[in-house]
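See below for the structure under consideration.
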Amino acid sequence: MRASRLFFPTLKDDPAEAEAISHKLMIRAGLVRQLAAGLYIYLPLGLKVVDKVCRIIREEMNAIGAQELSMPILHPAEIWQKTGRWQEIGDEMFRLKDRGGRDMVLAMTHEEVITWLAAHEIRSYRDLPQVWYQIQTKLRDEARPKSGILRTREFIMKDSYSFDTDEESLEQNYQLHIQAYSRIFQRCGIRFYMVESDPGMMGGATAHEFMAPSAAGEDEVALCPCGYSANLELARSVPEVPEFPQAGLEEIATPDVRTIDEVSKFLNVDPALLIKSLLVMTDAGPVLAMLRGDQELQDSKLNRIIGTHRPASPAEIQAITGAGTGFIGPVGLNLRKVADESLERGVFIVGANKDGYHYKGAVLGHDFETELADIRRVKPDETCPFCGKRLSIEQVIEIGNIFKLGTKYSEPLGATYLNESGKEQNIIMGSYGIGPARIVAAAIEQLADEKGIIWPVSIAPFAIHVALVQPADSQQTAIAEKLYADLMAAGAEVLLDDRAVSPGVKFKDAELLGCPLRVTIGKRTVAEGSVEVQVRHGGEEHKFELGTAADNILSLLDSL
RNA sequence: CGGGGCGUGGCGCAGCUUGGUAGCGCGCUUGCUUUGGGAGCAAGAGGCCGGCGGUUCAAAUCCGCCCGCCCCGACCA
């Protein structure tokens with residue numbers, strides 16, 4: 001491709017609306033343009049990179065026996081009503097009516113459709129197992145699109161679905177996907193972790209996510225050297241146990257001292273000796289959530305125990321507990337309570353449900369009763385529950401996920417098969433996603449430097465960027481054209497910058513675009529009968545004689 | 001949905017406090033020069049100042065409503 005004909009509008013300045021590195025660079029390098037919040041146009045270079053990622057995905061999916069198909073984006077509401085997600089999912093699903101007044105939905109995901117297909121076409125255990133996949137557009141009316149292409153309202157996804165007769169067979173397909181995913185992310189040149197994850201709205205019991213470490217990520221994971229790794233939504237840890245004082249409930253005056261910080265300073269005690277009491281409201285009434293003063297609530301964990309909830313307002317707190325914010329506690333409070341398991345043993349200071357007062361010496365089982373559960377957020381350096389080493393926490397981009405669905409979709413949609421003894425059984429399903437655009441963003445986030453993008457060879461829009469310094473010079477042009485033709489003939493993807501712009505602009509654009517190798521042909525190299533080659537990642541420079549330049553460039557490329 | 005910020009040529013911004021008919025840098029066009037790190041000189045083109053309404057002799061500027069975009073939170077296959 002010649003740069004003089006390539007549509008790649010580059011920008012000198014960072015766009016005002018971009019925050020994330022990948023967002024800034026994708027716009028500056030002319031990969032994408034934003035149409036509206038969460039809606040992006042992929043320009044030629046951006047599309048080229050996404051296509052390369054998709055090609056790798058296809059190769060690896062095909063390699064585990066998955067078969068590509070394509071499903072509609074527009075669905076009849078009926079199948080979503082059958083699985084219950086029509087009701088369960090709220091504003092995040094785009095809904096519309098067709099001319100006949102029938103309810104339709106725009107696909108957020110395709111479990112319903114693929115299961116409909118399986119219900120119609122799978123009859124016998126002899127038809128199983130199957131793995132079907134597609135790379136297709138998904139639409140979600142995101143509450144908050146953000147970070148460029150990381151969270152958008154329309155995006156493509158590779159989604160695959162496995163259909164098995166039993167759990168063991170599902171486990172095999174699950175493992176095959178783990179293998180395929182690992183190879184895909186490796187080949188795309190990004191660092192990633194596989195972590196335990198919350199099945200969430202997908203349903204099912206087992207789920208893992210593939211996470212690429214990046215400051216732009218929206219998720220956090222806990223990691224242990226022993227291999228334990230989990231999304232913070234469900235990560236577990238063993239907290240330090242403090243020295244507790246004597247038991248014996250006693251009211252103490254704490255005038256105008258409300259927060260954990262204030263109380264611990266006022267009483268000169270470790271925050272871990274206090275109970276943090278949070279009142280939340282559910283459909284079934286108020287619930288008191290309790291944590292140690294040095295801990296924070298992991299809302300997703302509480303959510304799984306008490307369902308959807310919201311913090312109580314100050315007025316509600318007053319009405320329900322009789323005290324204001326900062327003075328509430330479990331003692332004498334007759335409502336549902338959920339305490340973090342770290343409160344099971346110990347002697348704590350708690351709010352007295354009376355303005356200006358706390359109790360000290362409160363003991364679970366003696367002074368109050370509560371349900372116990374893990375509802376705290378893991379903190380860095382807490383102990384791993386499996387090996388005792390220290391956990392670290394990293395910010396990550398979710399690039400893929402895998403779920404064991406079981407019969408959550410096959411049952412309501414009637415996807416069954418006849419087993420060996422002629423008995424009808426529900427098909428056991430799995431569902432597996434990858435976000436190609438997120439892989440692209442993660443690669444940029446993880447590798448870029450202050451000059452621009454640095455592509456891994458496997459997904460670079462071009463492998464070699466030939467900078468022809470003076471296109472007006474016939475000698476330089478002849479050399480560049482020959483090299484361009486030779487490299488292309490050898491199968492390499494080459495961008496020839498033949499634009500009549502100043503050398504500085506060419507070099508800056510080459511760095512911004514981030515192709516793995518930049519070949520420079522100018523006055524200096526012509527005089528020496530050589531070409532200059534710079535490796536974008538690391539900046540290493542080489543000089544190759546003209547006669548063997550193409551071969552040397554290609555072997556240098558292979559070595560990257 | 002809650003909180004905050006922003007909206008002025010293609011891009012990045014100033015002007016708004018104290019109303020008086022729009023400016024800077026980059027980019028773009030033409031010409032000449034230049035040619036290994038975002039070139040120089042000269043001449044140009046390009047803006048219903050997000051929208052609607054109000055106040056006023058007069059609104060980019062003041063007031064109200066709305067829309068859009070970004071950030072934090074909630075939410076999130």
Indicate yes or no: at least one non-hydrogen side-chain atom of A:Ile399 is less than 4.5 angstrom from one of A:Tyr181. no
A:Leu11 atom CG is separated from B:rC13 atom P, nearest whole Å, by 12 Å
* Name the nucleic acid region contacted by A:Arg499, choosing base, sugar-phosphate or nothing; use a 4.0 angstrom heavy-atom cut-off, strictly under. => nothing
Between A:Thr525 and A:Glu532, a side-chain donor and acceptor under 3.5 Å:
no
Under a 4.0 Å heavy-atom cutoff, the residues of residues 524-541 of chain A touching RNA chain B are A:Arg524, A:Thr525, A:Glu532
Partner of B:rG37 under the Watson-Crick or G-U wobble criteria, both distances under 3.5 Å, comes out as none
To the nearest angstrom, the CG-P distance between A:Asn401 and B:rC76 comes to 15 Å
Per atom distances to the A:Ala37 side chain, the nearest of B:rC13, B:rU35, B:rC70 is B:rC70
Looking only at B:rC13, B:rC71, B:rG38, the nucleotide nearest the A:Ala16 side chain is B:rC13
Using a 4.0 Å heavy-atom cut-off across all strands, classify A:Ala143 as base, sugar-phosphate, or nothing.
base
Taken to the nearest whole Å, CZ/A:Arg28 to C1'/B:rG10 is 16 Å
- Query: Less than 4.0 Å between a side-chain N and a carboxylate O, is that true for A:Lys301 and A:Asp198?
  - Reply: no
Would the base of B:rG37 count as contacting A:Arg518 through its side chain, where contact means a donor and an acceptor less than 3.5 Å apart? yes
So A:Ala36, base contact, sugar-phosphate only, or nothing? Heavy-atom distance under 4.0 Å. sugar-phosphate
Using Watson-Crick geometry (N1-N3 plus N6-O4 or O6-N4) or G-U wobble (N1-O2, O6-N3), each under 3.5 Å, B:rG73 is paired with B:rC1
A:Lys523 side chain near B:rG36 phosphate (N/O to OP1/OP2, under 4.0 Å)
yes
Mate of B:rG19 across any strand shown (Watson-Crick or G-U wobble, both atom pairs under 3.5 Å) is none
| request: Remember a base hit wins even if backbone is also touched, and classify A:Glu233 as base, sugar-phosphate or nothing at under 4.0 Å, heavy atoms. | output: nothing
**Prompt:** Under 4.0 Å between a Lys/Arg side-chain N and an Asp/Glu carboxylate O for A:Asp14 and A:Arg28?
**Reply:** yes
Rounded to whole Å, the CD-P distance (A:Glu218 to B:rA74) equals 11 Å
Would you please confirm or rule out a distance under 4.0 Å between OP1 or OP2 of B:rC76 and any side-chain N or O of A:Arg140? no
Taking for A:Tyr432 and for A:Thr10 the nucleotide of RNA chain B with the nearest heavy atom, the one nearer the 5' end belongs to A:Thr10
note: A:Arg310, atom CZ; B:rG73, atom C1'; distance rounded to Å ~ 16 Å
Nearest heavy-atom approach of A:Leu6 to A:Pro44 is CD1-CB, 4.4 Å
Regarding the side chain of A:Lys12, the nearest nucleotide among B:rG27, B:rU35, B:rC70 is B:rG27
For B:rG68, the nucleotide meeting Watson-Crick or G-U wobble distances (both under 3.5 Å) is B:rC6
Do A:Tyr161 and A:His110 pass the ring pair (Phe, Tyr, Trp, His ring centres under 6.0 Å) test, and can you show the C-alpha distance, the side-chain angles, and the key distance before you say yes or no? CA-CA 9 Å; A:Tyr161 305 89; A:His110 284 80; 7.5 Å; no
*asked:* A:Glu171 vs A:Lys404, test: salt bridge (charged side-chain N to carboxylate O under 4.0 Å, His left out). Steps then yes/no.
replied: CA-CA 8 Å; A:Glu171 175 62 22; A:Lys404 286 189 183 177; 2.3 Å; yes
Answer for the Watson-Crick or wobble partner of B:rG27, both distances under 3.5 Å, is none
A:Asp509 atom CG is separated from B:rG38 atom P, nearest whole Å, by 13 Å
Rounded to whole Å, CD of A:Glu17 lies from P of B:rG7 at a distance of 13 Å
A:His309 NE2 to B:rC75 C1', in whole Å, measures 12 Å
Suppose you measure atom C1' in B:rG37 against the same atom in B:rA74; what distance do you get, rounded to whole Å? 48 Å
Comparing nearest nucleotides in RNA chain B, the 5'-proximal residue of the pair A:Leu35, A:Asp14 is A:Asp14
(Q) What's A:Ser147 touching, base or sugar-phosphate or nothing? Going by heavy atoms closer than 4.0 Å. (A) sugar-phosphate
- Base, sugar-phosphate alone, or nothing: which one does A:Lys506 contact when heavy atoms must sit under 4.0 Å apart? nothing
pair_partner(B:rG47), Watson-Crick or wobble, both distances < 3.5 Å, evaluates to none
Closest to the side chain of A:Val505, out of B:rA39, B:rU35, B:rC72, is B:rA39
Determine whether A:Arg377 and A:Glu220 satisfy the following criterion, salt bridge (charged side-chain N to carboxylate O under 4.0 Å, His left out), listing intermediate values before the conclusion.
CA-CA 11 Å; A:Arg377 184 185 156 90; A:Glu220 289 176 295; 2.7 Å; yes
Closest non-hydrogen contact found for A:Ala29 with A:Ile453 is CB-CD1, 3.9 Å
Under 4.0 Å between a side-chain N/O of A:Gln34 and OP1 or OP2 of B:rC70, yes or no?
yes
- request: Using the six-membered ring wherever Trp is involved, compare the ring planes of A:Phe192 and A:Phe210 and label them parallel, tilted or perpendicular (cut-offs 30° and 60°).
  value: tilted
| query | For the side chain of A:Arg151 and the base of B:rC76, is some donor closer than 3.5 Å to an acceptor across the two? | reply | yes
